[in-house]
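Contents: one structure, followed by commentary.
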Amino acid sequence: MDHHDIARVLGEIAALLELQGENPFRVRAYRTAARTLSAYGGDLREARAAGALPELRGLGPATLEMVEELLDTGTCRMLEDLRDQVPPGLVDMLRIAGLGVAKVRQIHNSLQVDSLGELEVAARDGRLASLPRFGWKTAEKILKGIQFLRQADGALLVHHARAAAAELVGVLEALPEVVAVHRAGSLRRGTELVRDLDLVVVARDAPASLAERLREGRVAEFTQASETAITLRLTGGTVVDLFPCTPDRLGFVLLRATGSEPHLQQLAARAAARGLRWTAEGLVRSDRPLAAPTEDAVYAALGLPWIPPELREGRGEVDAAAAGRLPCLVERRDLRGFLHCHSAYSDGADTIAVWADAARAEGYDYLGLTDHSPATAFTGGLAAEAIPRQHAEIDAANARGSGARVLKGVEADILEDGTLDYAPAVRRQFEFVIASVHTRFGMDAEQLTARVLRAMDDPSMTVLGHPTGRLLLSRDPFPLDLDRVFACAADRGIAIEINADPQRLDLDWRVLRQAVTAGVTIAIGADAHGVANMDHVDLGVAIARKGWLTADHILNTRSADEFLAFARRRR
DNA sequence: GCCGTTTTCGGCCCGACTGTTTTCAGTCG
């Protein structure tokens, strides 16, 4: 169990307590503890050995004891008891937009509904709409929510998938017959959601013994082995496909396990055109399998250079490779600026000095600090009166000189009418402005597009933040007319963000080529609320790569002075 | 349940929208 798993358990406990009608502040305490753990950057076992756990804000005697119990046993009594007392379907219902604890309890108590299936029936036959303070709109919204949950079923956010894969790779690498483990599938291609984990296991021994080992080692609650793959289901439901192979076949097996299906189909077609056969065993020329120790060797046999996994979506990469026109994709080390982060001046966890030092340690030249503006009240947005104090602190951090250079930015709300938060004179105190929509998502496409376009008229705006507002697995993107927004952004010299928060990853990679073709500059923003989440930038870089972007397309590959010049040109 | 101070217990994030009802509870960001 790592800190993410433990955070999830505490979060579930909070939900279960809430459903039982427990004191809301006690519930909140568990949520706070969960948040603390999920943002924790280090190794919990090491921290515990060093006696550092009690130092963590939000962990007290009770939650600390629970963390230790989970670290030692992988389970916790309180959770088991609560699960016995509360139907599990009620926790699922809480994930439906528009349903909170009060309504779920009302539904459960008056209709005896305790699963999503029963809820769906009640929403269809009118019982739900007849409850006090419910109506047909609520019933419809709930049906939509159930559908959304079903669609999302089994999908993992990419940072959760990465964490699960890392743990499993560690277990596999420790087995004596395992030579190496390679990540494959959508995880390797850098997609925003991962349905199942694919790992290629280079092993000396036959696959059967590997399956046996995993069964013994209680790695999974379910194991099934076939000729070419071992399928596991981890506790929690995540499905893992392991592809065992010997070193001489690694290239082909890895390529095949990475996909995507359209990419492989195009490769197979190319093989056929060159007199080769693409079989489950490998590439075959006149009944002789070709050697395939590396992916390079397989691509070379097809007359192609190696294609980066992020591009393997069947969207023109095979033709581009054949023509020698693959893009030179942006890399994390090309980024000189770390953009979009929140300090303790709004809802961030860390001070400005801590941010500056962390950014320097990660190799950035500058840090674009962007606390929330006051309109997003729940974040404790930066009040106009507090700006001089914040800027003095930034000046002090910059004068100290040990950290990355801190730029004075802000994430200003795009208000309902399309104006930006703060008076214009106040906004001019900042060196750059990320403007984002945080409220009123219910507008139709025309109203929303007009709202964003109006915001882009504002000369202080530098970057449009998380442009479509989506929250993966929980909220659809809002219906923005991207063609018009791209055209306007290109015309005004406003950059559009790839927000690297794993819940957002917004813009979607599928529209990035359209954006840069329209002339838009892209900014990769971390949207980090603590230095522990700095590595989310990697996810944003993967999305940029999936969109075929090079370093030249990205605003924060430029120097701090060039970045500021980009912002100033608009004023 | 946690925190911070008041050192032993009181306070803990809040404003606005939605769908309902016809004045407001519940949810959300």
Side-chain angles (χ1 to χ4, degrees), chain A residues 7 9-11 13-37 53-67 69 76 78-79 82 93-110 123 128-145 342 344-348 371-383 411-417 421 436-444 447-448 465-466 469-471 474-476 478 499 501 503-504 506 527 529:
Chain A
V9 169
L10 292 179
I13 288 175
L16 290 165
L17 288 173
E18 207 172 14
L19 285 165
Q20 283 195 324
E22 185 49 83
N23 168 8
F25 296 111
R26 186 173 174 226
V27 173
R28 186 191 293 173
Y30 282 95
R31 291 241 156 82
T32 308
R35 229 188 351 263
T36 299
L37 287 167
L53 284 185
E55 308 291 309
L56 289 176
R57 277 184 61 85
L59 282 188
T63 44
L64 199 58
E65 200 184 316
M66 211 166 283
V67 170
E69 189 185 352
C76 128
M78 185 172 176
L79 178 68
L82 282 168
M93 287 188 213
L94 284 177
R95 292 166 57 210
I96 296 174
L99 282 191
V101 170
K103 285 192 169 166
V104 168
R105 293 182 70 195
Q106 187 188 356
I107 292 168
H108 180 238
N109 292 336
S110 45
L128 198 63
S130 69
L131 291 181
R133 294 207 154 268
F134 282 65
W136 64 272
K137 272 193 169 176
T138 309
E140 212 156 74
K141 201 171 164 193
I142 285 173
L143 283 175
K144 254 191 196 155
H342 301 269
Y345 275 91
S346 62
D347 58 349
D371 275 306
H372 282 286
S373 67
T376 38
F378 56 93
T379 64
L382 180 66
E411 183 178 15
D413 253 61
I414 298 177
L415 305 177
E416 186 181 352
D417 63 357
D421 205 5
S436 322
V437 170
H438 287 107
T439 50
R440 302 288 325 251
F441 305 106
M443 300 168 111
D444 65 30
Q447 293 171 320
L448 243 157
H466 46 75
R470 76 174 177 188
L471 292 178
S474 68
R475 187 173 73 209
D476 279 327
F478 48 65
N499 187 293
D501 183 311
Q503 275 204 82
R504 295 187 183 270
D506 172 19
D527 204 352
H529 288 70

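The structure displayed is predicted, hence computed values, not measured ones. All chains are named by letter (A, B, ...) in the order of the sequence lines, taking the proteins before the strands, and each is independently numbered beginning at 1.
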> When A:Leu94 is tested against each of A:Leu19, A:Leu16, A:Leu99 for side chain to side chain contact (heavy atoms under 4.5 Å, CB included), which residue passes?
Replying inline: A:Leu19
> For A:Tyr30 and B:dC12, what is the distance between atoms OH and C1' respectively, to the nearest whole Å?
Replying inline: 16 Å
> At under 4.0 Å between heavy atoms, what does A:Thr32 touch on the DNA or RNA strands: base, sugar-phosphate, or nothing?
Replying inline: nothing
>> For a quick test of reading the model: is some side-chain N or O of A:Arg57 closer than 4.0 Å to OP1 or OP2 of B:dG4?
In response: yes
> Which class fits the ring pair A:His529 and A:His342: parallel under 30°, tilted 30 to 60°, perpendicular over 60°?
Replying inline: parallel
> Distance between the P atoms of B:dT20 and B:dG26, in whole angstroms?
Replying inline: 14 Å
> Using a cut-off of 4.0 Å on non-hydrogen atoms, how would the nucleic acid contact of A:Arg475 be classed: base, sugar-phosphate, or nothing?
Replying inline: sugar-phosphate
>> When you measure from the side-chain N and O atoms of A:Thr138 to the phosphate of B:dT20, is any distance below 4.0 Å, counting only OP1 and OP2?
In response: yes
> What heavy-atom pair brings A:Pro132 and A:Gln106 nearest, and what distance separates the two atoms?
Replying inline: O-NE2, 3.1 Å
> Between B:dA16 atom C1' and A:Leu415 atom CG, what is the distance in whole Å?
Replying inline: 13 Å
> Using the P atom in both, what is the distance from B:dT23 to B:dG29, to the nearest Å?
Replying inline: 29 Å
> To the nearest angstrom, how far is A:Trp136 atom CH2 from B:dT18 atom P?
Replying inline: 14 Å
> Looking for any heavy atom pair under 4.0 Å, which part of the strands does A:Pro132 touch: base, sugar-phosphate only, or nothing?
Replying inline: nothing
> Would you say A:Arg504's side chain and A:Leu471's backbone share a donor-acceptor pair under 3.5 angstrom?
Replying inline: no
> Any donor and acceptor pair, going by atom type alone, linking the side chain of A:Asp506 with main-chain N or O of A:Gly469 inside 3.5 Å?
Replying inline: yes
> Think A:Arg26 has a side-chain N or O under 4.0 angstrom from the OP1 or OP2 of B:dG1?
Replying inline: yes
> Taking for each residue the nucleotide of DNA chain B bearing the nearest heavy atom, is the 5' side occupied by A:Leu131 or by A:Ala29?
Replying inline: A:Ala29
>> Expressed as a whole number of angstroms, how long is the span from A:Leu99:CG to B:dT27:C1'?
In response: 10 Å
> If you look at every strand shown and take non-hydrogen atoms under 4.0 Å, does A:Ala97 touch a base, only sugar-phosphate, or nothing?
Replying inline: sugar-phosphate
> Rounded to whole angstrom units, what separation is found between the CG atom of A:Leu59 and the P atom of B:dC3?
Replying inline: 8 Å
>> Does B:dC28 have OP1 or OP2 under 4.0 Å away from a side-chain N or O of A:Thr439?
In response: no
> Expressed in angstrom and rounded to an integer, what is the separation of A:Met93 atom CE from B:dT27 atom C1'?
Replying inline: 17 Å
>> Does B:dG19 have OP1 or OP2 under 4.0 Å away from a side-chain N or O of A:Lys137?
In response: yes
> To the nearest Å, how far apart are A:Lys141 NZ and B:dT20 P?
Replying inline: 10 Å
>> Looking at A:Asp371 and A:Ser346, would you say the former's side chain and the latter's main chain have a donor-acceptor pair under 3.5 Å?
In response: yes
>> If you assign each of A:Arg440 and A:Gly58 to its closest nucleotide in DNA chain B, which residue comes earlier from the 5' end?
In response: A:Gly58
>> How many whole angstroms separate atom CD1 of A:Ile142 from atom C1' of B:dG19?
In response: 12 Å
